[in-house]
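Residue numbers run from 1 in the order of the sequence given.
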Amino acid sequence: MASVEKDPVTGRYTTGHEWDGIRELNTPLPRWWILVFWVCVIWSIGYWILMPTWPLLNGYTPGILGYSSRGDLEGEIAAQKTERAVWLNRIESLPAAAVEADPELLTYARAGGRIAFEENCAPCHGIGGVGAFGYPTLADDEWLWGGTIDEIEQTVKFGVRNSNPNTHLSEMPKFGVDGILTPEQIEQVADYVLTVADRAPVASLPGAAIFAENCAVCHGEAGEGNKEIGAPALSNQIWLYASKLGNQTPEIRDAEIRATVIAQVTRPRHGAMPAWSERLGPGTIRMLAVYVHTLGGGR
């Protein structure tokens with residue numbers, strides 16, 4: 001039988017239970033704790049009656065008050081849509097350039113465009129349009145498909161290389177994979193392109209003639225690019241697929257860029273962009289165009 005004893009240290013009686021020589025003290029909970037516990041029990045019963053609580057097979061008990069956090073959220077969203085509709089209707093009714101010319105609309109469009117950009121575009125183009133490896137910077141003056149506000153809006157609407165019938169389409173030939181150029185010719189044209197990028201093309205290089213025959217039709221005779229077909233300018237130091245090497249030496253940087261050019265000529269990489277008109281409303285599209293155009297690089 002359990003032996004109830006008085007603990008000599010604490011002066012409390014034990015419960016008679018013992019484990020490994022350790023006796024359990026009979027220490028009841030404080031009265032205030034018991035009172036709080038029963039208050040909580042009574043409160044929970046009232047909560048079960050008043051609020052939606054118990055799950056059922058096809059729903060839940062709605063409660064006497066009929067409260068719904070989802071209903072509150074839907075009401076708030078509806079109220080916000082009503083409030084925003086006044087602005088969005090004005091923005092949708094005007095050309096993008098006119099929205100930029102109106103200080104009040106410009107402020108609203110930039111704020112709304114920034115939110116839409118961070119939710120939809122920043123994962124690829126970075127916060128503020130700073131760009132990333134394989135994704136163009138939107139805050140500079142280099143635009144594959146044109147940097148006017150109307151051209152930006154067109155690109156946002158229909159995207160690049162997707163299934164939308166109005167999307168921007170372009171494709172660079174696989175000069176190496178398809179055997180159009182030999183590996184030696186590809187290296188020669190890459191060396192010439194590097195001089196074009198330095199704005200000091202060396203016409204005496206073997207790659208100059210190869211460039212004129214195969215590349216100038218899209219990229220321009222001076223490597224200035226062609227926004228009509230999305231051909232990037234080569235007469236600058238902007239490389240979409242060259243890694244950012246930070247403080248590496250110029251030699252390492254130049255070798256990496258040369259290897260990138262050779263790889264692109266051999267087997268080109270082609271980026272893609274969704275047609276945002278299939279996901280976002282016209283007002284949001286226009287605000288996005290205004291925001292991107294005012295990042296600092298719009299033309």
Side-chain angles (χ1 to χ4, degrees), residues 124-125 131-243 254 256-275 292 297-299:
C124 292
H125 293 286
F133 178 81
Y135 300 98
T137 300
L138 304 180
D140 61 15
D141 294 325
E142 292 298 323
W143 298 88
L144 282 178
W145 303 97
T148 68
I149 189 166
D150 291 333
E151 291 168 334
I152 292 173
E153 185 173 17
Q154 179 81 0
T155 301
V156 175
K157 274 184 181 179
F158 304 118
V160 179
R161 301 185 190 95
N162 57 55
S163 59
N164 190 286
N166 296 310
T167 189
H168 289 309
L169 287 174
S170 67
E171 186 172 349
M172 179 175 170
K174 301 174 183 177
F175 288 100
V177 173
D178 292 341
I180 301 173
L181 298 176
T182 66
E184 181 183 6
Q185 288 175 316
I186 291 174
E187 290 190 15
Q188 290 172 344
V189 78
D191 290 333
Y192 176 73
V193 166
L194 294 178
T195 68
V196 172
D198 290 333
R199 300 184 185 275
V202 180
S204 60
L205 288 176
I210 301 172
F211 182 91
E213 292 176 6
N214 298 274
C215 313
V217 64
C218 293
H219 293 285
E221 294 183 2
E224 68 275 13
N226 185 346
K227 70 176 184 179
E228 299 300 326
I229 58 174
L234 304 177
S235 56
N236 53 38
Q237 294 290 341
I238 298 176
W239 307 99
L240 191 61
Y241 294 109
S243 301
D254 291 346
E256 198 260 350
I257 291 175
R258 183 177 186 271
T260 298
V261 174
I262 291 173
Q264 186 68 10
V265 176
T266 303
R267 184 192 293 271
R269 284 177 282 189
H270 300 103
M273 174 180 168
V292 171
R299 292 181 177 176

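For the pair Phe175 and Val189, the minimum side-chain heavy-atom distance is 4.5 Å or more. Side-chain atoms of Leu240 and Ile238, non-hydrogen and from C-beta on, never get closer than 4.5 Å to each other. Contact check for Ile257 versus Leu194: side-chain heavy atoms found under the 4.5 Å cut-off. A 4.5 Å side-chain heavy-atom check between Tyr192 and Ile210 finds every atom pair outside the cut-off.
Thr195 and Val202 get closest at one heavy-atom pair: OG1-N, 3.4 Å. Considering all non-hydrogen atoms of both residues, Gly147 and Ile152 come closest at O-CD1, 3.5 Å. Heavy atoms only, all atoms of each residue included: Ser170 and Gly230 are closest at OG-O, 4.3 Å. Nearest approach of Trp145 to Thr155, heavy atoms of both residues: CB-OG1, 3.8 Å. Counting all heavy atoms, side chain and backbone alike, Val160 lies closest to Gly271 at CG1-O, 4.3 Å. When all heavy atoms are compared, the tightest approach of Leu144 to Ala231 is CD2-C, 4.1 Å.
Residue pairs meeting the salt bridge (charged side-chain N to carboxylate O under 4.0 Å, His left out) criterion with at least one member in residues 153-165, sequence neighbours excluded: Glu153-Arg286. Sorted by first then second residue, the side-chain hydrogen bond (donor to acceptor under 3.5 Å, both in side chains) pairs that include residues 214-227, not counting sequence neighbours, are Glu151-Lys227. Sorted by first then second residue, the side-chain hydrogen bond (donor to acceptor under 3.5 Å, both in side chains) pairs that include residues 173-183, not counting sequence neighbours, are Thr182-Gln185. Listed by first and then second residue, the side-chain hydrogen bond (donor to acceptor under 3.5 Å, both in side chains) pairs involving residues 231-240 are Glu142-Asn236, Asp198-Gln237 (not counting sequence neighbours).
To the nearest 0.5 Å, atoms CD1 (Ile186) and CG (Leu181) are separated by 5.5 Å.
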Go through Gln188 and Leu205 one step at a time and tell me if the side-chain contact (heavy atoms from CB on, under 4.5 Å) criterion holds. CA-CA 8 Å; Gln188 290 172 344; Leu205 288 176; over 6 Å; no

Set out, in order, the CA-CA distance, both residues' side-chain angles and the distance that settles side-chain contact (heavy atoms from CB on, under 4.5 Å) for Met172 and Val265, then state yes or no. CA-CA 8 Å; Met172 179 175 170; Val265 176; 4.2 Å; yes

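A search for side chain to side chain donor-acceptor pair (under 3.5 Å) contacts involving Asn164 returns Glu278, not counting sequence neighbours. Residues forming a side chain to side chain donor-acceptor pair (under 3.5 Å) with His125 (at least two apart in sequence, or on another chain): none.
The aromatic rings of Tyr241 and Phe133 stand perpendicular to each other, their planes meeting at an angle above 60°, with 30° marking the opposite boundary.
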